[in-house]
J.: 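Pasting a structure here, questions to come.
In what follows, every chain begins at residue 1, and chains take the letters A, B, ... in the order their sequences are listed.
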Protein chains: 2
Amino acid sequence: MRDHAQLWKVGELADTTGLTVRTLHYWGELGLVVPSSRTTSGHRLYGVADVERVYQVVALRELGLSLDAIGRVLDEGGPGLAGVLEAHVTQVRAQLDALRTLEATLSVLVTRVRRTGSPAPSDLLGLIDEVSKMNEKFNEYFTDEQLATLSRRREQLGEDRIAEAESEWPILIAKVQAEKDAGTDPGEPRVQALAARWMELLAEFDGGDPAIREANGRMLTENQSEVGGGSHIVELIDYINSSNQARQN
Amino acid sequence: MRDHAQLWKVGELADTTGLTVRTLHYWGELGLVVPSSRTTSGHRLYGVADVERVYQVVALRELGLSLDAIGRVLDEGGPGLAGVLEAHVTQVRAQLDALRTLEATLSVLVTRVRRTGSPAPSDLLGLIDEVSKMNEKFNEYFTDEQLATLSRRREQLGEDRIAEAESEWPILIAKVQAEKDAGTDPGEPRVQALAARWMELLAEFDGGDPAIREANGRMLTENQSEVGGGSHIVELIDYINSSNQARQN
DNA sequence: GCTAGGAACTCACGCCGCGTCAGGTTCAGG
DNA sequence: CCTGAACCTGACGCGGCGTGAGTTCCTAGC
C-alpha cells in the first residue's frame, strides 16, 4: 500500500513547471531544491515535497527575490520572511524612483532627438546634461504627485503632439519678443492673439492645474538662464500677462 | 606653441571623473575609450579628445545604455542614436510597468505578513498566489491612472493605517453579517452606524472617487469568491446600501 | 537479445560590468 | 640610491542560468 508515492524525473518536472532542466540542476547545486532521491544510476527523482518546494521557489522568485534570499526564507521557516520582504520592497521602491526619473529624461531626449535630428557626439553631451539638469529642477520644484500628473499628461498628448509643441515654443517666443522689442502695446489684438496661443500651449503642458502652473513659474523665474533658455524670458512673461489683463478688462 | 596639449594618466583621470582605474582599463579593453597614446614604458596617456569621450560614455551610461550600445552610438556618429534611444525607452517603460505591479504586490504582501505574522512555507505559496491574482484583477478593472491614484493614496495613508484598516474590515464584515443574519432592519441606528463606518473605510480606500468606487464594485461582484473573500459579500453590500438609503430618507 | 534514439548525467565556458587580489615594473621625491 | 605610490597585465568572482560537449542510461521495437 505504501511506496506508491509519485516520483518525477527532471525532464517531467521541467515540463510540468515550465522551468528548464538546467534550472532544476542549478537549484540543486545551490541546495535550494535537492531531489530527495536518485535512481541507482544517478538520475534525479523528485518527490511530492520536492515539487511543492519548487513551486515555492518559483513564487518567491517572481517577487524578485534572489535565490540566496529564497533559500534563507524557506529554510528558516518564517521569521525572516517579513524582514526580507520589507527590505526587498524598499529596494524595489528605490529602483522605481530611479527608473521613473530615467524614463522622464529619456522621454524628453527621444522627442528632442527626433525633432532636431541626431546630434553630433559633442553636442550630445551638452544635450544630455541639459535635459538631466532640467529633470533635476523638475524634481526639485514639483511634488511626486505633480510629476506623475505631468507624466500622464505627456502620455495622453502623445509624442507627436509634444514634438509639435516643443517646436512651436521657440517660434512663438521669437514673435512675442519681436512685438515687445517693437514696443507694440500689449493690448493690441495682434499681441493678444499671441498671448492666447501662449496660454493654450501652457495649458497643454500643465492641464490648467494652478499648482503646477505656479511651480512652473517659480522654476522659470528662479532658473532663468539654465531652464528658460534666456534671461529675458521673465520679461516676456510679464508682457504676456499684461496682454492677458488688457483682454480681460 | 604646439605640443603643450594636456595629458592625463589613468589615476588622474579616474580622480577627476569619479570613475575607477579598473573601469577605465575595462573601457579600454572593449575599445570604448582607448587612450590615444602611451609612455614608452606603457603607461596610458589620455588626451583631451579621450577625456571628452569618457564623459560621453558616462552620460550615456547614466541613461542605462549598455556599453555595447554606447560604443555603437559613439562610433556610428549619429544615425543610430535616435533608434537606440527609442528602443531603450520602450524597454525602460516595460520594466517600469513590471516594477509597478511588483511593488503593488509586495506592498500588500508586506502589510499582510506583518499583520498575520509570518506564514508557514506551505501557506506562503497560497498567500502569494492570492495576492498576485488580486493584483491581476486590479490591473484588469482599474485604468493605469486609477492605479496610480490608489498607489499614491496608499503612500499618503501610511502602512500602519493600512494595516489597521485591513484588520478592521473582517471585524466590520462579521458584525454586519451578524446583524443581517439576525434579521435586523437596515434602518436600525445600530446598523446605520456600521454602514457609516463601512463607507468611511471605503472612502479611505478610494478617496471618494466615484469611478474607482464603481470599478471596485464591479470587481467585487464579478469575482465574489476569488477577491471578496466569500460569495455572500455582495448581499452584505446590498444590506449596507439599503441601510444608507434608510438614513438618507 | 540487440539496437536506436531520446533522456539523463557531469563538467565547463559565456554573459555584463566591473571589484578585487596577485605579482611585477615604473615614476617621483628626498 | 632608495622608498613608497602609481602603474602594468592577468586572472578569478559575482547571479542565474543558456548552451554546448562528451558520456551513460532508459525504453520501445524488432
J.: Write down the protein N/O and nucleotide N/O pairs, taken from nucleotides 2-5 of chain D, whose separation is under 3.5 Å; answer none if there are no such pairs.
T.:
none

J.: Could you state the CG-P distance from A/Leu13 to C/dA8, rounded to the nearest angstrom?
T.: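 Interatomic distance, CG of A/Leu13 to P of C/dA8: 10 Å.
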J.: Taking the side chain as everything from C-beta on, heavy atoms only, tell me whether A/Thr149 gets closer than 4.5 Å to A/Asp206.
T.: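 No - every pair of side-chain heavy atoms lies 4.5 Å or more apart.
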J.: Strictly by side-chain hydrogen bond (donor to acceptor under 3.5 Å, both in side chains), give each pair with a member in residues 52-61 of chain B just once, sequence neighbours left out.
T.: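 Applying side-chain hydrogen bond (donor to acceptor under 3.5 Å, both in side chains) to every pair that reaches into residues 52-61 of chain B, excluding sequence neighbours, yields B/Arg53-B/Asp75.
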J.: May I ask you to list the residues of residues 50-57 of chain B, by number, that have any heavy atom positioned under 4.0 Å from an atom of DNA chain C?
T.: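 Within this stretch, nothing sits under 4.0 Å of the strand.
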J.: With B/Asp15, which residues qualify under salt bridge (charged side-chain N to carboxylate O under 4.0 Å, His left out), at least two apart?
T.: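 Applying salt bridge (charged side-chain N to carboxylate O under 4.0 Å, His left out) to B/Asp15 gives none.
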J.: Rounding to an integer number of Å, can you tell me how far B/Leu24 CG sits from C/dG17 P?
T.: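 It works out to 15 Å between those atoms.
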J.: Which pairs pass salt bridge (Lys or Arg N to Asp or Glu O under 4.0 Å) with one or both residues in residues 21-35 of chain A, sequence neighbours excluded?
T.: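 Found A/Arg22-A/Glu29.
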J.: Which residues pass the ring pair (Phe, Tyr, Trp, His ring centres under 6.0 Å) test with A/Tyr141, sequence neighbours left out?
T.: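 A/Tyr141: no ring pair (Phe, Tyr, Trp, His ring centres under 6.0 Å) contacts found.
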J.: What are the residues of residues 93-103 of chain A, sorted by number, that bring a heavy atom to within less than 4.0 Å of DNA chain D?
T.: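 Nucleic-acid contacts, sorted: none.
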J.: Applying ring pair (Phe, Tyr, Trp, His ring centres under 6.0 Å), name anything that partners A/Phe142, two or more places apart in sequence or on another chain.
T.: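 Once residues adjacent in sequence are excluded, the partners of A/Phe142 under the ring pair (Phe, Tyr, Trp, His ring centres under 6.0 Å) criterion are A/Phe138.
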J.: Name all residues meeting the salt bridge (charged side-chain N to carboxylate O under 4.0 Å, His left out) criterion together with A/Glu214; count only those two or more places apart in sequence or in a different chain, and write none if there are none.
T.: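 A/Arg218.
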J.: Strictly under 4.0 angstrom, non-hydrogen atoms only: write out the protein contact profile of nucleotides 21-30 of chain C, one letter per nucleotide from the 5' end, B, S or -.
T.: -----SS---
J.: Generate the contact string for nucleotides 14-21 of chain D. Rules: B means base contact, S means sugar-phosphate contact only, - means no protein heavy atom under 4.0 Å.
T.: --BBBB--
J.: How large an angle, rounded to 10°, do the end axes of the helix from C/dG1-D/dC30 to C/dG30-D/dC1 enclose when each is built from five base pairs?
T.: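 One end's axis against the other's: 20°.
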